[in-house]
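Note sheet for the following structure.
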Amino acid sequence: ETRLTSGRLDQPQVARLAQVAHDHGATINDLLVTALALSVREHRSDGGKRPVTVAVPINLRAESPFDASDCLGNFVGGVHIATRLNPRHDFWKQVRVVRSLLQPRLTSSAARWSMLQLHATLPPTLIDAMLYAAYDRCDDKAARRLARTMCQNIPLSVALSNLGRASVTDHLGALHVHDLVFFSPKSSQSHIVAGAVTMDAIMQIGFSYDQLLIPPEKMESIKNRMLELLLAA
């Protein structure tokens, strides 16, 4: 049963975060992944003995070996990194660990190519149905079989999707665009999914989570700790 919560970083905070990330040879995405993994680890009941696995999506549509312009399917791959971070260590040391794990996977073409080749053989609607079936929202037998085969069962994983900076500075009725929150689509078997987007220099971070596994008060603590780590970086 999914619930939502959100947090935000205002313009001066985002500007400072971008500057310190640049000064340390990192990206804001590296910081987001590190802060999320650390905050989840600190709130784990096992005392952080097991690694926290973080999933990061990869957009494959632009790299498709076939014309996907008229397809509605999800051409999305992803990478998982298993982090063993120590909250007692310096935050920037943790960022370097995350970056060393993340960058080789994000820049490797091997995993992308194999996923694209697989997508090329599947009807786009079946790819969508597989993602729904992974969460018991689709009864199609083929989709459920595909979900059992492809969807990784990593019960301790979390996911983060960072859209980056969106060039939109307009209003939507009475709302300014930076008041809108991005809630990332579910990532298979991830109990917490964070979605970040920066609009008009303000970053909104939306969290969707399974309240049967994570009580709302615990999720609020995880969210607040993540924001604290980012602001203290």
Side-chain angles (χ1 to χ4, degrees), residues 2-7 26-44 46 48 50-61 63 73-85 94-95 97-116 118-119 127-128 130-137 146-164 181-197 205-214 219 222-223 225-226 229-230:
T2 302
R3 291 193 64 168
L4 306 174
T5 185
S6 66
T27 66
I28 286 184
N29 195 64
D30 296 331
L31 271 63
L32 290 171
V33 172
T34 304
L36 178 61
L38 278 170
S39 59
V40 169
R41 184 191 183 282
E42 290 180 19
H43 289 83
R44 285 253 296 272
D46 67 352
R50 289 176 290 178
V52 176
T53 299
V54 183
V56 179
I58 303 173
N59 179 14
L60 300 174
R61 180 176 286 272
E63 302 177 39
N74 283 307
F75 294 87
V76 178
V79 298
H80 290 79
I81 59 169
T83 63
R84 292 184 179 275
L85 305 181
Q94 317 284 359
V95 171
V97 170
V98 166
R99 186 170 177 79
S100 69
L101 294 171
L102 198 56
Q103 288 305 307
R105 293 175 180 269
L106 290 177
T107 56
S108 170
S109 61
R112 297 181 181 217
W113 180 250
S114 61
M115 183 64 72
L116 284 170
L118 177 59
H119 281 184
I127 299 173
D128 285 341
M130 174 195 70
L131 298 176
Y132 282 103
Y135 288 91
D136 295 323
R137 296 295 188 269
L146 192 61
R148 285 195 298 269
T149 302
M150 293 185 60
C151 293
Q152 300 187 39
N153 183 14
I154 308 177
L156 296 177
S157 79
V158 296
L160 185 137
S161 180
N162 179 21
L163 293 184
V181 179
F182 167 54
F183 291 101
S184 176
K186 273 191 168 181
S187 174
S188 179
Q189 303 302 329
S190 292
H191 296 162
I192 300 174
V193 180
V197 62
I205 307 176
F207 300 84
S208 59
Y209 64 100
D210 188 338
Q211 70 170 346
L212 298 180
L213 299 170
I214 305 172
M219 185 62 234
I222 291 173
K223 175 190 73 176
R225 180 56 178 154
M226 178 181 176
L229 288 167
L230 292 172

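Keep in mind it's a predicted model, so treat the numbers as computed, not measured. We count residues from 1, following the sequence as given.
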Assess whether side chain to side chain contact (heavy atoms under 4.5 Å, CB included) is satisfied between Met219 and Gln211, documenting all intermediate values. CA-CA 9 Å; Met219 185 62 234; Gln211 70 170 346; over 6 Å; no
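- The backbone N or O of Val52 lies less than 3.5 Å from a partner atom in the side chain of Thr83, making a donor-acceptor pair.
- The heavy-atom pair separating Leu4 from Ser208 by the smallest distance is CD2-CB, 3.5 Å.
- Taking Arg225 as the reference, Glu42, Glu228 meet the salt bridge (charged side-chain N to carboxylate O under 4.0 Å, His left out) condition, with sequence neighbours excluded.
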Dump the intermediate steps for side chain to side chain contact (heavy atoms under 4.5 Å, CB included) on Asn29 and Leu160, then the final yes or no. CA-CA 9 Å; Asn29 195 64; Leu160 185 137; 3.7 Å; yes
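- Summarising the geometry of Gly7 relative to Phe207, their closest heavy-atom pair is N-CE1, 4.5 Å, with the distance given to 0.1 Å.
- In this view, Thr27 and Asp30 satisfy the side-chain hydrogen bond (donor to acceptor under 3.5 Å, both in side chains) rule, not counting sequence neighbours.
- Residues Arg84 and Pro51 come closest through the heavy atom pair NH2-CD, 3.4 Å.
- The closest side-chain heavy-atom distance from Leu32 to Met226 is below 4.5 Å.
- Looking at Arg3, its side chain never comes within 3.5 Å of a backbone N or O of Ile214 through a donor-acceptor pair.
- Of all non-hydrogen atoms in Leu31 and Leu230, the two that sit nearest each other are O-CD2, 3.7 Å.
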Residues Val98, Val54; criterion side chain to side chain contact (heavy atoms under 4.5 Å, CB included); working and verdict: CA-CA 10 Å; Val98 166; Val54 183; over 6 Å; no
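- Distance CZ/Arg44 to CZ/Arg41: 8.0 Å, rounded to 0.5 Å.
- Rounding to the nearest 0.5 Å places CG of Leu213 at 4.5 Å from NE2 of His191.
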When you look at Leu229 and Thr34, which way does the side chain to side chain contact (heavy atoms under 4.5 Å, CB included) test go after all the steps? CA-CA 9 Å; Leu229 288 167; Thr34 304; over 6 Å; no
